[in-house]
Protein chains: 2
Amino acid sequence: MIDKTHKLFEQLEFHTQENNDFLKNLTIDNVIFGYHNKELKVLLVKNPYITPWMLPGGYIKKTEDVETAADRVAIQRTGISNLYLKQFKIFSKPGRNKSVFFTPESLAKLSGVTIKKNHWLFDQFATVGFYTLTEFSKVDINKNDLEEEVKWYDINDLPTLLYDHDQIIYEAVKALRHNIYHFPIGYELLPEKFTLPEIRILYQTILGREMDDRNFSRKLLSLGIIEKLGETKSTQGHRPPYLYSFNKIAYQKALDQGIFFS
Amino acid sequence: MIDKTHKLFEQLEFHTQENNDFLKNLTIDNVIFGYHNKELKVLLVKNPYITPWMLPGGYIKKTEDVETAADRVAIQRTGISNLYLKQFKIFSKPGRNKSVFFTPESLAKLSGVTIKKNHWLFDQFATVGFYTLTEFSKVDINKNDLEEEVKWYDINDLPTLLYDHDQIIYEAVKALRHNIYHFPIGYELLPEKFTLPEIRILYQTILGREMDDRNFSRKLLSLGIIEKLGETKSTQGHRPPYLYSFNKIAYQKALDQGIFFS
DNA sequence: CAAATAGTGTCTTTTAGACATTATTAA
DNA sequence: TTAATAATGTCTAAAAGACACTATTTG
């Protein structure tokens with residue numbers, strides 16, 4: 001049985017009371033992408049009492065909009081604030097949130113709290129899918145106030161997931177890959193100063209294909225979104241690469257107006 | 001007082017019973033664009049008992065997804081089936097659906113039905129915004145099983161609207177204008193056979209700017225999405241234009257993969 | 001000097017953009 | 001023949017795409 005000092009217990013008690021502060025039938029889920037070591041990863045959480053891994057997500061207060069809820073949930077589960085959030089799709093297939101791992105019976109058994117069979121927690125839910133990009137190293141995966149396990153998974157090597165979360169991640173990757181052709185990327189995924197090979201490998205990783213180094217840098221420089229700094233990055237045993245940074249103004253303009261990146 | 005034979009009465013009776021068939025706190029709204037006479041119009045509905053004009057929209061059954069609901073509502077309100085539907089944004093600002101025109105009191109007064117003050121109909125609702133494109137002439141605006149007034153409004157000359165529907169239309173236009181640069185358009189908005197000036201004026205109308213006739217046709221032809229037919233369209237007093245049709249395969253491919261249209 | 005990786009320039013092809021004259025029909 | 005509008009081709013500029021050699025550092 002669940003440890004009554006665990007945050008899940010607190011949460012359950014909270015939600016299973018007749019609570020009217022949250023929207024019924026609608027949640028948000030965040031696909032938090034982190035880039036690290038030439039791999040695109042996604043942040044998953046696992047409650048010790050619910051077997052499958054899940055996307056960080058949650059309920060929406062009636063006093064907040066979905067963006068605020070997504071931000072709140074992201075901070076709550078990951079400790080990161082001010083994430084760039086992109087709403088990409090709503091998932092609403094009937095029965096999408098049915099799971100043997102989240103039923104009145106299973107929760108009652110774990111928590112000792114009696115839960116009505118037709119409680120709104122177990123009703124049909126649509127969920128608003130958001131994705132977000134962050135630098136891997138910014139996330140302290142131990143700062144998690146729900147006492148859940150938190151882990152980065154490579155997008156090509158995901159564990160079994162709750163509900164339709166595999167589908168949500170698939171669509172998030174699709175949306176991300178589509179958007180990279182129309183908007184600049186990297187601001188949230190690279191350190192302040194980065195090298196040309198670093199940003200090129202980021203693009204290659206997200207798109208899953210090789211890009212010509214000369215044409216790539218020419219394009220970014222001609223758009224004005226990156227700028228060469230005087231400095232180089234010290235490396236071992238080979239020519240040191242120059243450091244670059246984003247030109248905030250050009251970057252923001254490209255975000256607003258859109259670009260065409262082949 | 002409301003005429004009890006009016007469909008609204010029936011609807012009210014239906015929804016004000018404790019009905020558990022619909023998602024709480026979530027609706028859909030359709031921005032139905034119709035192209036006609038070099039103008040981009042949007043279909044609005046008005047219930048004789050609720051003053052402001054509204055977008056066609058509605059509740060979502062727990063047994064359907066939002067796309068199905070949007071399609072169902074579109075058919076119900078306009079008589080058109082098989083509309084191309086594009087989900088573009090969710091609107092969820094707290095208080096967005098507060099209006100003096102839709103309260104327990106106003107409805108009770110109209111209908112004679114007593115409605116609980118905290119009935120879910122008057123609770124906070126998020127709404128999924130869809131837009132759709134259709135040929136003006138396909139819509140029989142009299143085929144409306146809710147006995148509402150239905151009217152096409154020019155997007156630059158909208159009446160006062162219920163809730164945040166002006167905002168929803170604004171965002172739909174923005175999404176449509178963005179998408180026209182990345183996906184082909186016209187299949188739903190033009191007759192099967194159309195002329196080059198017709199499709200060019202369609203683009204110009206949506207984008208709100210002039211386009212060079214020679215460069216425009218060169219681009220569409222080189223993408224392969226339109227094809228010249230042998231025939232011409234008879235006109236009055238000037239050279240008759242050739243007729244073209246869409247190449248379905250190339251059009252679908254362009255929809256799937258995206259294009260870049262400057 | 002070898003190994004490792006970064007930096008950079010040029011040519012070709014494709015696409016975009018600007019621009020004006022001729023063609024066809026009906027009245 | 002005039003009025004109305006459609007059709008069409010060419011030149012130039014910009015961008016994309018392909019491609020290979022030189023530079024710098026450490027061990």
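Letters A, B, ... mirror the listed sequences (proteins, then strands); counts begin at 1.
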Parallel, tilted or perpendicular for A:Y131 and A:F33, by the 30°/60° rule?
perpendicular

In terms of the angle between their ring planes, are B:F246 and B:Y251 parallel, tilted or perpendicular, with boundaries placed at 30° and 60°?
perpendicular

Walk me through it: do B:R72 and B:Q76 pass the test side chain to side chain donor-acceptor pair (under 3.5 Å)?
CA-CA 6 Å; B:R72 179 174 55 73; B:Q76 177 191 45; 4.7 Å; no

Which part of the nucleic acid does A:K228 contact within heavy-atom distance under 4.0 Å: base, sugar-phosphate only, or nothing?
sugar-phosphate

Euclidean distance, atom CG of residue B:L221 to atom P of C:dA16 [Å, nearest integer]
13 Å

What is the distance, rounded to the nearest whole Å, between atom NZ of A:K233 and atom P of C:dA4?
19 Å

Residues from residues 208-218 of chain A lying under 4.0 Å of DNA chain C - heavy atoms:
A:D213, A:R214, A:R218

Tell me: CZ of B:F260 to P of C:dT15, nearest whole Å?
13 Å

Taking the six-membered ring for Trp, are B:Y203 and B:F216 parallel (under 30°), tilted (30 to 60°) or perpendicular (over 60°)?
perpendicular

Between B:D65 and B:T68, do the side chains contain an N or O donor and an N or O acceptor separated by less than 3.5 Å?
yes

Write out a two-atom table: protein N or O, nucleotide N or O from nucleotides 24-27 of chain C, distance below 3.5 Å.
| unit_1 | atom_1 | unit_2 | atom_2 | d |
| --- | --- | --- | --- | --- |
| C:dT24 | O2 | B:R239 | N | 2.6 |
| C:dT25 | O2 | B:G237 | O | 3.0 |
| C:dT25 | O2 | B:H238 | N | 3.0 |
| C:dA26 | O4' | B:G237 | N | 3.0 |
| C:dA27 | OP1 | B:Q236 | OE1 | 3.4 |

In whole angstrom, what separates B:L243's CG from D:dA7's P?
9 Å

Gap between atom CG of A:L162 and atom CD1 of A:I168 - 0.5 Å precision:
9.5 Å

Checking contacts here: which listed nucleotide (C:dT15, D:dA15, D:dA6) is nearest the side-chain heavy atoms of B:P241?
D:dA6

With sequence neighbours left out, what residues match B:K89 under side chain to side chain contact (heavy atoms under 4.5 Å, CB included)?
A:E67, A:Q87, B:F91, B:E171

Do any N or O atoms from the side chain of B:N30 and from the backbone of B:P56 form a donor-acceptor pair under 3.5 angstrom?
no

OP1 or OP2 of D:dA16 versus the side-chain N and O atoms of A:K219: is any pair under 4.0 Å?
yes

